[in-house]
Amino acid sequence: MRWLISAFAVIVLSVFTLPAMAIEPIKISRDDVALDLSKAVEIYRDQGENFQVSTAPGIDGIVRRIEVSALDERSSGDWAVFALANATDEQLDRLIVAPHFRLVGSGLIWPDLGSDRIAAITPSEGFALDRQANKDADAFLVTLNPGSIVTFIAELSSPKLPQIYLWEPEAYKDTMNSYTLFRGIVIGIAGLLALFLTILFVVKGTSMFPATAALSWAVLAYICIDFGFLNQVLNISAGSEQLWRAGTEIGLAASLVVFLFTYLNLNRWHLHFSYGASAWVLLLCLLAGVALFDPSVASGLARMSFALTAIVGVGIITYLSFQGYDRAIMLVPSWLMIIVWLTGSWMAVTGALDNDIVQPALGGGLILIILLIGFTVMQHAFAGGALHQGLFSDMERQALAITGSGDIVWDWDVPRDRVITKPDVTRQLGLPMGSLHGPARNWLPTLHHDDRDTFRTTLDVILEHRRGRVSQSFRLRGADGHYHWFTLRARPVIGSDGEIIRCVGTLVDVTEQKKAEERLLHDAVHDNLTGLPARELLLNRLETVISIAKTEQAIRPTVMVIDIDRFKQVNDSLGISAGDTILLTVARRLHRLLRPQDSLARFSGDQFALLLLSEHEPSRIAAVAEAVKQAINAPITFAKREIVLAASIGLASWNSSQSSAEDMVKDAELAMHQAKRFGGDRIEPFRPAFRSVGTDRLQLESDLRRAVERSELRLAYQPIVRLEDRSVAGFEALLRWEHPRRGSIPPSDFIPVAESCELIGQLGLFAMQQAADDLSSWQKQVGDIPLSVSVNLSSRELIGRDLVNDVRSVIARANLKPRNFRLELTESLIMDNPEQSAHILQKLKQLGIGLSLDDFGTGYSSLAYLTRFPFDTIKIDKSFVDDTSPKRSVLLRSMVNMAHELGLSVVAEGVADENDALELRQIGCEYVQSFMFGPPLNAEGALKLLKEQFPLVQA
């Protein structure tokens with residue numbers, strides 16, 4: 001009864017303490033070198049410091065129960081149980097080995113980074129097992145008696161037991177030695193490679209070498225930890241190994257990001273790549289701080305970063321390779337190896353690959369990747385180095401030149417009839433990629449319809465004659481419907497059989513150049529302000545219409561020339577910008593009166609011309625002219641003011657006697673001028689009698705044009721004399737025209753004609769250059785004497801845009817000192833536009849030339865303006881010198897004193913006798929100019945006078 005109670009108590013106690021069930025022993029023979037016990041081990045968690053377990057059935061078949069107490073103070077209550085059976089008749093010695101770290105099955109998110117696995121092992125019989133010295137694993141030596149069955153209870157130091165092996169001691173030693181040799185070779189190669197790349201960085205100095213060297217050093221550190229080499233150097237404990245392993249994985253992930261960014265030079269493609277790479281590396285650096293607290297989390301994030309870098313790298317390298325970026329293309333093999341290695345690593349850490357060779361194989365694979373990357377970097381870095389400079393062939397130079405120019409290569413494979421452009425021209429057109437690759441006929445629908453026949457004919461001629469060149473511009477339609485201009489220059493390549501095998505050349509986008517040409521052509525024949533056709537374009541259209549009118553009875557053109565009366569007063573009172581606005585308003589009003597076949601042009605500032613084709617009847621033409629007059633007369637509101645304009649309109653209708661468009665326009669202009677003579681604000685049809693009115697002026701204009709061409713113009717030089725010693729101080733150059741029939745024509749007759757027909761600029765430039773050349777010639781023959789030459793300036797020259805440049809060019813060509821060259825301007829001339837005159841005169845003064853104010857005192861301007869202009873000399877008009885009134889002396893003295901107070905010198909004109917000269921000398925006048933002191937001379941006469949005046953200087 002007591003036995004039953006005791007047995008029942010034992011059963012109840014066993015139930016309530018939840019003992020383990022008896023396990024199945026693993027049989028061992030003498031031929032077993034290494035047995036994996038991982039799947040035969042039973043793990044019991046949270047069992048406390050005392051653990052009870054049922055043993056494996058012994059030889060007698062009895063299952064015993066034993067209780068084991070924890071020996072390690074840090075015991076977590078986790079236990080592992082397994083049983084071994086010696087099936088031989090010999091005593092067997094074996095090593096129970098539990099590695100601290102195993103990559104296989106370590107996990108991706110929170111990986112197992114290794115630690116002590118087994119604190120102690122207690123057998124069911126005999127003494128506790130002896131721990132063997134091993135820094136990489138927990139190893140225990142066990143001796144199994146013949147035929148014995150022993151149950152082992154292992155006290156776990158960590159919750160996980162990734163692997164446990166039963167090794168034959170000598171075999172284990174030999175295996176470790178072989179792994180040690182392999183690991184030593186791999187570590188040696190990695191170290192040499194890292195050192196070599198570092199040395200190359202010092203020698204070469206390019207940015208890709210430090211990035212590659214950093215990656216190789218990171219791989220070396222990772223392998224040293226993974227192979228246990230660092231344990232031999234630093235004596236790292238199994239617990240702190242987790243921090244080192246996490247750190248090396250973070251370094252590996254960061255160095256891969258830096259290498260990818262630096263090698264591909266991603267900052268050249270977009271600045272955002274720099275921001276992204278910097279942020280990525282910064283986060284990995286912060287991850288190193290996380291590793292101090294939780295190495296598993298840091299390692300898991302580093303592994304995911306490495307995988308993400310590899311995946312992103314695939315996309316970037318693929319894209320840049322299709323763009324023809326050579327660095328990306330060269331990196332493709334290395335990156336494929338990285339992807340393969342990453343796949344193998346993923347299969348290992350997830351347990352899909354489960355063997356002892358995986359971990360060292362992956363370490364060796366990293367070294368192969370670094371070797372290939374190092375070779376790629378060296379190949380790229382030294383491919384264009386100093387050793388190869390100057391060794392390019394002509395073909396290579398041409399290829400580099402085309403690549404550098406950015407032109408598109410146009411390649412037509414004639415036998416296969418396949419056209420290829422590199423880079424693809426469809427990208428510029430916005431068309432589907434490769435849509436123009438293929439037969440040459442594929443280009444015809446995209447070509448402008450006006451260019452198709454020329455394109456097709458050009459290619460056919462090349463094929464037919466088997467020689468020649470293609471040089472053609474054509475338009476290609478883009479996806480948006482707009483046309484792009486391209487210029488194709490190509491030449492055929494002849495095969496051995498004499499047939500064309502290819503036609504290769506360049507295709508250049510010249511759209512901007514064509515647009516610029518169109519703008520220049522438009523601006524050349526159109527008015528810049530109104531956009532209306534200019535005189536030349538209207539004459540061209542009229543010439544075409546006249547040629548048609550000679551054969552078509554229904555076409556009878558009429559020309560109206562419209563000149564706005566007294567428009568200069570509008571500019572003077574409101575300003576030039578307001579005048580331009582009013583002209584635009586007038587142009588819009590006139591344009592609204594036109595029919596589609598009519599044309600409106602702007603001839604000059606306030607002069608328009610209308611080519612009327614829509615009306616033929618005289619009454620209807622008169623009605624249109626009246627409508628034009630009324631449109632101009634209608635008030636224009638500007639700045640809260642109403643401005644009323646009037647216009648003089650001359651019209652001329654075509655008849656068979658008129659031979660050219662120029663004649664017809666001149667007739668209309670004669671009628672317009674006649675309308676102005678009659679008071680303006682009227683319409684005047686042309687009558688043949690008007691030609692006699694303007695014949696003399698027209699003939700004079702025609703003769704003046706020929707006079708310039710025939711060199712009928714010359715200069716006369718009137719001396720300017722110093723009153724102090726009666727020596728020549730300079731000359732005033734006077735323009736003279738010796739007409740072959742009319743004789744000498746005074747400037748007062750031909751200068752206004754030159755200004756009206758826009759010849760004044762040409763005459764003024766001739767006078768300045770001739771005067772400067774003559775003075776330079778005199779100085780060479782007489783010596784460098786204090787002498788100047790003065791040239792008169794007209795109103796058209798003063799407002800010309802090129803005056804300053806012309807003066808600078810004249811002085812430079814004649815090799816004159818600027819102070820020896822002077823320009824003379826009248827007071828009325830500068831007061832026409834004082835603001836612009838002051839601006840131009842300041843620029844002229846900056847050149848260093850002299851400026852004289854001619855006819856001083858005859859104008860109507862305020863003397864206050866005299867201080868605004870940079871004159872250095874005033875010329876008193878002869879009307880003041882000839883004056884016989886009692887106030888003459890007072891007035892002359894006042895003018896001279898005022899000039900001296902302003903720092904100006906004075907020249908008096910028209911001095912008739914010695915008394916006037918003496919009086920002017922007494923009141924302080926420095927210079928005189930008149931016939932008394934010397935008439936105008938030709939260049940030879942002026943030189944003779946100078947030689948007489950300065951004999952000593954000449955000698």
Tell me whether His526 at atom NE2 has more than 12 heavy atoms from other residues, nucleotides or ligands lying less than 6.0 Å away.
yes
Salt bridge (Lys or Arg N to Asp or Glu O under 4.0 Å) evaluation trace for Glu669 with Arg535
CA-CA 12 Å; Glu669 288 177 330; Arg535 183 187 187 99; 2.9 Å; yes
Side-chain donor-acceptor pair under 3.5 Å between Glu732 and Asn792, yes or no?
yes
Going through the checks in order, is the salt bridge (Lys or Arg N to Asp or Glu O under 4.0 Å) test met by Lys666 and Asp663?
CA-CA 5 Å; Lys666 284 185 178 181; Asp663 293 338; 5.4 Å; no
For a 4.5 angstrom cut-off between non-hydrogen side-chain atoms, does Ile643 reach Thr637?
no
Under a 3.5 Å distance rule, please check whether Asp565 uses its side chain to pair with a backbone N or O of Asp681 as donor and acceptor.
yes
Asp773 side chain to Ser776 side chain, donor-acceptor N/O pair below 3.5 angstrom
no
Stepwise side chain to side chain contact (heavy atoms under 4.5 Å, CB included) test for Glu824 and Val791
CA-CA 6 Å; Glu824 291 191 6; Val791 180; over 6 Å; no
Assess whether a salt bridge exists between Glu919 and Arg893, defined as any Lys/Arg side-chain N lying under 4.0 Å from an Asp/Glu carboxylate O.
no
What verdict does the side chain to side chain contact (heavy atoms under 4.5 Å, CB included) test give for Gln674 and Phe686, after you've listed the backbone C-alpha separation in whole Å, the side-chain angles of each residue and the deciding distance to 0.1 Å?
CA-CA 9 Å; Gln674 192 65 28; Phe686 170 76; over 6 Å; no
Ion pair present between Arg682 and Glu684, side-chain N to carboxylate O less than 4.0 angstrom?
yes
So, the side chain of Ser852 versus the backbone of Asp854: is there a donor-acceptor pair under 3.5 Å, distance only?
no
Identify the heavy atoms of Ala609 and Leu538 that sit nearest to each other, and give their distance.
CB-CD2, 3.6 Å
Closest approach of Gly650 and Ala671, non-hydrogen atoms and distance?
CA-CB, 3.7 Å
Under a 3.5 Å distance rule, please check whether Arg888 uses its side chain to pair with a backbone N or O of Val881 as donor and acceptor.
yes
Salt bridge flag under 4.0 Å for residues Asp872 and Arg822
yes
Would you say Asn938 and Tyr717 are linked by a side-chain donor-acceptor pair, where the criterion is simply a distance under 3.5 Å?
no
Heavy atoms only: give me the nearest Leu600-Pro533 pair and the separation to one decimal.
O-CD, 3.0 Å
Check whether more than 12 heavy atoms from other residues, nucleotides or ligands sit under 6.0 Å from atom NZ of Lys878, and answer yes or no.
no
Does Arg714 form a salt bridge (Lys or Arg N to Asp or Glu O under 4.0 Å) with Glu940? I'd like the steps, not just the answer.
CA-CA 12 Å; Arg714 63 179 181 84; Glu940 292 77 10; over 6 Å; no
Please name the pair of heavy atoms, one in Leu844 and one in Ile849, separated by the smallest distance, quoted to 0.1 Å.
O-CG1, 3.5 Å
Any donor-acceptor pair under 3.5 Å linking the side chain of Arg589 with the backbone of Ala634?
yes
By the definition side-chain contact (heavy atoms from CB on, under 4.5 Å), identify the one residue from Leu787, Thr873, Val907, Val928 that meets it with Ile720.
Val907
Is the shortest heavy-atom distance from the side chain of Pro719 to the side chain of Leu945 under 4.5 Å?
yes
Would you confirm whether Arg722, through its side chain, and Glu724, through its main-chain N or O, come within 3.5 Å as a donor-acceptor pair?
no
Backbone N or O of Val906 within a donor-acceptor pair of the Glu926 side chain at under 3.5 Å?
yes
Would you check, one step at a time, whether the test side chain to side chain contact (heavy atoms under 4.5 Å, CB included) holds for Phe603 with Asp527?
CA-CA 8 Å; Phe603 274 10; Asp527 177 54; over 6 Å; no
For Phe608, which of Asp563, Ile649, Ile564 qualifies under side-chain contact (heavy atoms from CB on, under 4.5 Å)?
Ile564
Evaluate the criterion side chain to side chain donor-acceptor pair (under 3.5 Å) for residue pair Asn897 and Glu901; output intermediate values, then yes/no.
CA-CA 6 Å; Asn897 290 337; Glu901 289 294 330; over 6 Å; no
Using a strict cut-off of less than 4.0 Å between a Lys/Arg side-chain nitrogen and an Asp/Glu carboxylate oxygen, indicate whether Arg705 and Glu712 qualify as a salt bridge.
no
Could you tell me which non-hydrogen atom of Ala917 sits nearest to which non-hydrogen atom of Arg726, and how far apart they are?
CB-NH2, 4.1 Å
Taking all non-hydrogen atoms of both residues into account, name the closest pair between Leu851 and Pro870 and its distance.
CD1-O, 3.8 Å
Looking only at side-chain N and O atoms, does Glu543 offer a donor or acceptor that is under 3.5 Å from a partner on Ser660?
no
Under 3.5 Å donor-acceptor, Arg602 side chain and Gly605 backbone:
yes
